[in-house]
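Reminder, nothing fancy here: chain letters follow the sequence lines and each chain counts from 1.
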Number of protein chains: 2
Amino acid sequence: MLFAVTDHLKAQFADIAAGERLTVVQARTVLRIYGPVPMRALAARMGYDASNMTGIVDGLESRGLVERKVLPADRRVKHVELTGHGVEVRDRMREQLAEDAPAIGRLDEADRVALHAILSRAVERS
Amino acid sequence: MLFAVTDHLKAQFADIAAGERLTVVQARTVLRIYGPVPMRALAARMGYDASNMTGIVDGLESRGLVERKVLPADRRVKHVELTGHGVEVRDRMREQLAEDAPAIGRLDEADRVALHAILSRAVERS
DNA sequence: TATTGTTATACTCTATAACTATA
DNA sequence: TATAGTTATAGAGTATAACAATA
């Protein structure tokens with residue numbers, strides 16, 4: 001059942017991403033850029049090897065959702081940030097996540113608290 | 001937290017599979033062969049397109065865990081079944097899943113019942 | 001010498017389309 | 001004509017190793 005729920009959540013996220021013609025990884029990346037961030041730091045934030053960010057950001061940049069900017073203070077570093085269009089897309093995805101975000105999001109408060117407690121115990125014992 | 005738990009369970013399954021020098025998909029396949037089964041039916045059981053089974057079963061067959069047998073009644077159909085060695089590997093994996101199967105497996109009865117109820121409600125509303 | 005981003009490469013997982021043997 | 005299994009191919013997601021530019 002756990003996997004049923006997480007698979008369902010993943011499928012819905014994939015649908016939202018596809019609605020913006022983004023891959024899942026691209027959509028996840030857009031949602032995790034809060035301000036200018038070096039490629040490497042962004043990779044670490046996503047839990048990826050740095051070599052992956054190049055292609056992901058290439059795709060987003062060619063779609064006009066992000067920009068790379070060389071940091072003058074250290075010209076090895078490139079900051080990635082959302083463009084105006086990128087912010088629009090991010091906000092649209094956030095809205096859909098809040099609306100559609102089904103399953104868990106629609107549990108009542110008591111269920112959410114209980115679920116959190118049980119999962120915490122599960123993780124502790126693992 | 002849900003993803004933390006399922007990712008954890010997946011990682012442990014991957015470790016068990018790796019212990020038998022199987023990929024995750026190969027291990028999942030071995031665990032879902034209960035008797036002679038046509039390639040296509042096995043693919044459906046796993047939720048895969050039929051074209052995937054060929055490679056998966058190729059790998060298992062080259063390791064001596066399964067055999068393909070042409071069905072005389074309909075020579076288009078090939079039945080896949082576990083060899084003696086395949087059964088050994090499957091049983092070893094089952095044991096490890098029962099032992100290690102951590103997290104969820106070690107929750108007490110009350111937690112398991114509550115978890116199931118909450119997840120059922122989550123799925124209903126999604 | 002060490003670090004940033006990039007490239008080249010490879011492997012897993014999955015799907016679609018086209019092929020073959022058989023029905 | 002339809003079905004079972006296979007092949008060829010492709011794309012997403014990930015990692016490792018080597019490289020150029022910069023520090």
Which donor-acceptor pairs under 3.5 Å do side chains of residues 65-77 of chain A form with protein atoms, sequence neighbours excluded?
residue, atom, partner, partner atom, Å
A:Arg68, NH1, A:Asp58, OD1, 3.0
A:Arg68, NH1, A:Glu61, OE1, 2.6
A:Arg68, NH2, A:Thr54, O, 3.3
A:Arg68, NH2, A:Asp58, OD1, 3.0
A:Lys69, NZ, A:Glu81, OE2, 3.2
A:Asp74, OD1, A:Arg76, N, 3.1
A:Asp74, OD1, A:Arg76, NE, 3.2
A:Asp74, OD2, A:Arg76, NH2, 3.0

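- Here the CD-CD1 distance, from A:Gln96 to A:Ile16, works out to 5.0 Å after rounding to the nearest 0.5 Å.
- Rounded to whole angstrom, the span from the CZ atom of A:Arg40 across to the C1' atom of C:dT7 amounts to 13 Å.
- By the side-chain contact (heavy atoms from CB on, under 4.5 Å) test, A:Ala14 pairs with A:Val24, sequence neighbours left out.
- For the contact set between residues 30-39 of chain B and DNA chain C, defined by any heavy atom under 4.0 Å, there are no members.
- Considering CD1 of B:Ile118 and CE of A:Met1, their distance stands at 11.0 Å, rounded to 0.5 Å.
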Base versus backbone protein contacts along nucleotides 9-19 of chain C [heavy-atom cut-off under 4.0 Å; B, S, -] | ----SBBBB--
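- Put simply, CG on B:Leu42 is 13 Å from C1' on D:dG5, counting in whole angstrom units.
- Summarising the geometry, atom OG1 belonging to B:Thr29 is positioned 3.5 Å from atom CE belonging to B:Met46; distances are rounded to the nearest 0.5 Å.
- The side-chain hydrogen bond (donor to acceptor under 3.5 Å, both in side chains) test applied to A:Asp49 returns A:Ser51, not counting sequence neighbours.
- Sorted by first and then second residue, the salt bridge (Lys or Arg N to Asp or Glu O under 4.0 Å) pairs with a member in residues 17-35 of chain A read A:Glu20-A:Arg92; sequence neighbours excluded.
- Atom CG of A:Asp58 is separated from atom P of D:dG13 by 15 Å (rounded to the nearest Å).
- A:Arg90 is linked by a side-chain contact (heavy atoms from CB on, under 4.5 Å) to A:Val30, A:Leu31, A:Leu82, A:Val87, A:Arg94, counting only residues two or more places apart in sequence or in another chain.
- Distance, A:Met53 CE to D:dG13 C1': 13 Å, rounded to whole Å.
- Put simply, NZ on B:Lys10 is 11 Å from P on D:dT14, counting in whole angstrom units.
- Spacing between atom CZ of A:Arg21 and atom C1' of D:dG11 amounts to 18 Å, rounded to whole angstrom units.
- Remark: C1' of D:dA15 and CE of A:Met46 are 16 Å apart, rounded to the nearest angstrom.
- Applying the side-chain contact (heavy atoms from CB on, under 4.5 Å) criterion to A:Thr6, with sequence neighbours excluded, gives A:Phe3, B:Leu2, B:Phe3, B:Thr6.
- Taking the side-chain contact (heavy atoms from CB on, under 4.5 Å) definition, one finds that B:Ala4 meets it with nothing, sequence neighbours left out.
- Residues A:Gln26 and A:Gly59 come closest through the heavy atom pair NE2-CA, 3.7 Å.
- Contacts with DNA chain D (heavy atom under 4.0 Å) in residues 76-83 of chain A: A:Arg76, listed by number.
- The side chain of B:Arg68 contributes an N or O atom lying less than 4.0 Å from OP1 or OP2 of D:dT6.
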